[in-house]
2 protein chains.
Amino acid sequence: MKGKIFIIEDEASIIQLVQLNLEKEGFIVASSLNGNEGLKELKKFEPNLLLLDWMLPDLSGIDVCKNIRKDNNFKNLPIIMLTAKGEEEDKIKGLESGVDDYITKPFSFNELSARIKAVLRRSDPNIVANDLIFEDLKLDRIEKRVFRDEKEIQLGPTEFRLLEFFLTNPKRVYSRDQILETVWPNNINVESRTIDVHIRRLRQSINIKDKKELIRTVRSSGYSLV
Amino acid sequence: MKGKIFIIEDEASIIQLVQLNLEKEGFIVASSLNGNEGLKELKKFEPNLLLLDWMLPDLSGIDVCKNIRKDNNFKNLPIIMLTAKGEEEDKIKGLESGVDDYITKPFSFNELSARIKAVLRRSDPNIVANDLIFEDLKLDRIEKRVFRDEKEIQLGPTEFRLLEFFLTNPKRVYSRDQILETVWPNNINVESRTIDVHIRRLRQSINIKDKKELIRTVRSSGYSLV
DNA sequence: TCTTAATGTTACAGAAATATTACAAATTAA
DNA sequence: TTAATTTGTAATATTTCTGTAACATTAAGA
């Protein structure tokens, strides 16, 4: 689970609880305590899913929602609304503002987690899939194994994460910065050229004689899986 | 696992979650959203175990429980009570109304599943698989014995639980944290390195000369049985 | 073609993760 | 109680991985 989740919610304790648990499941999480700031940060963060509180100090959840749907880049961002019990549930249910699901507080983390995965399974299947497959390449997240052409390949931890990252979005070109942000543990600073070396190592491991190169270099932009 | 489990619980989302997962494990599941109807259907369904919510719209969990115990056909039906956190835990604990176990929401499905099996193992041993088998390794939960290649192996209690844990999900890689959470008694704090030592002990016991290593180390991720 | 910036390649030292060992404290059996 | 077993940890050894620097190669524009 390498997806990014953004939380807009004014109760810090809820954020903390949810964030901690989501991170334990491998998600990358960022959050904001109010709507306006949240909107700004969210667009920088580019999450795969948004957890949005219904009642916010400045904007209402609906306002945030509308704003997001107006933005072409986030038209399809999956949103799960968090509401207090009884809090105008009907309105939300009926609401056609493009909420993908909603959940009433207090909720168990398991319930939330299940819904997040259900929503992601629809919108972004690779994020929750156990097996990532691309052509003759297969990565098993549960058993932590990688195969090319049925044959198992040994990868170091970083190369594994790197490949996992590419596999969630094959063909897409990622800049070194993007790779760094997602593949490396938070707050770690490494030289951007370091990525080149890991790309090299990954290439060496997954390439088979007589088979085409799987990682494409896009000069001045980054790398991608092809 | 071919037992039948009945659920009485008013939150549909919980039923859904639990039912789905139990069915995945091979149980046959039926459910009801309230007490009176539940009692009727339960008696038709004849489950091997009942999951019973403490707070129901009509009857309380206790009422349901008493009713069941009065019925000769269900005097011994194992019951696991579901309670919300803090919700009169003490009452239930002290309660001699014949509840076999109870679990507080929010719970993880794994926790629930483990308790269900523990209760069934006592009441209805044939329903639960008592022998865990993987290749030439066999673990008998009832007699607490382990065999490799027909030959019995002596394990300390911790190594036994550790192996039992790996056997419930062979091949899957578990992090040290996950192992700790599941294999060690709750709320006990042990150094995460301690696991390495127990892994070593387990390896030493179950490995046979000329046979392949059974425990795989996955650097930066954990261990698994292979 | 030459120049330059970007990427590829290599080797290596230090870091990080895991394995192993020994031992004292805790627990259980006798 | 004593003896035997089991446990957790700390210390040490070993293995594997990582990041960087230095040098090589390539691509693209002047």
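In what follows, chains carry the letters A, B, and so on, assigned in the order in which the sequence lines appear, proteins first and then strands, with residues in each chain numbered from 1.
- For residues 178-187 of chain B, the set of pairs meeting the salt bridge (charged side-chain N to carboxylate O under 4.0 Å, His left out) definition, not counting sequence neighbours, comprises A:Lys24-B:Glu181.
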Polar pairs (N or O, both sides) under 3.5 Å between protein and nucleotides 24-30 of chain C?
none

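- With sequence neighbours left out, the side chain to side chain contact (heavy atoms under 4.5 Å, CB included) criterion links A:Leu33 to A:Ala12, A:Ile15.
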Donor-acceptor pairs under 3.5 angstrom involving side-chain atoms of residues 216-225 of chain B: please list them, not counting sequence neighbours.
| from | atom 1 | to | atom 2 | distance (Å) |
| --- | --- | --- | --- | --- |
| B:Arg216 | NH2 | A:Glu143 | O | 2.2 |
| B:Thr217 | OG1 | B:Arg203 | NH2 | 2.6 |
| B:Tyr223 | OH | B:Arg176 | NH2 | 3.1 |

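- Under the 4.0 Å criterion applied to side-chain N and carboxylate O atoms, A:Glu46 and A:Lys4 are not assigned as salt-bridge partners.
- Among residues two or more places apart in sequence or in another chain, the ring pair (Phe, Tyr, Trp, His ring centres under 6.0 Å) test is passed with B:Phe6 by B:Phe45.
- Here A:Thr217 reaches the OP1 or OP2 of C:dG8: one of its side-chain N or O atoms lies under 4.0 Å away.
- Residue A:Arg176 places no side-chain N or O under 4.0 Å from the OP1 or OP2 atom of C:dA6.
- Taking only side-chain nitrogens and oxygens, B:Tyr223 comes nearer than 4.0 Å to OP1 or OP2 of C:dA19.
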Just the table, please: protein N/O against nucleotides 13-16 of chain C N/O, every pair under 3.5 Å.
none

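- Applying the salt bridge (Lys or Arg N to Asp or Glu O under 4.0 Å) test to A:Asp136 and every residue at least two apart in sequence or in another chain returns A:Arg148, A:Lys211.
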In 5'-to-3' order, the base (B), backbone-only (S) or no-contact (-) status of each nucleotide in nucleotides 2-12 of chain D, using a 4.0 angstrom heavy-atom cut-off, is ----SBBB---

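- With sequence neighbours excluded, no residue forms a side-chain hydrogen bond (donor to acceptor under 3.5 Å, both in side chains) with A:Glu41.
- Contacts between residues 140-148 of chain A and DNA chain C, defined by a heavy-atom separation below 4.0 Å, involve no residue at all.
- Under the ring pair (Phe, Tyr, Trp, His ring centres under 6.0 Å) criterion, A:Tyr174 pairs with A:Phe165, not counting sequence neighbours.
- A donor-acceptor contact closer than 3.5 angstrom is absent between the side chains of A:Lys70 and A:Asn67.
- Residues satisfying the ring pair (Phe, Tyr, Trp, His ring centres under 6.0 Å) criterion with B:Phe160, sequence neighbours excluded, are absent altogether.
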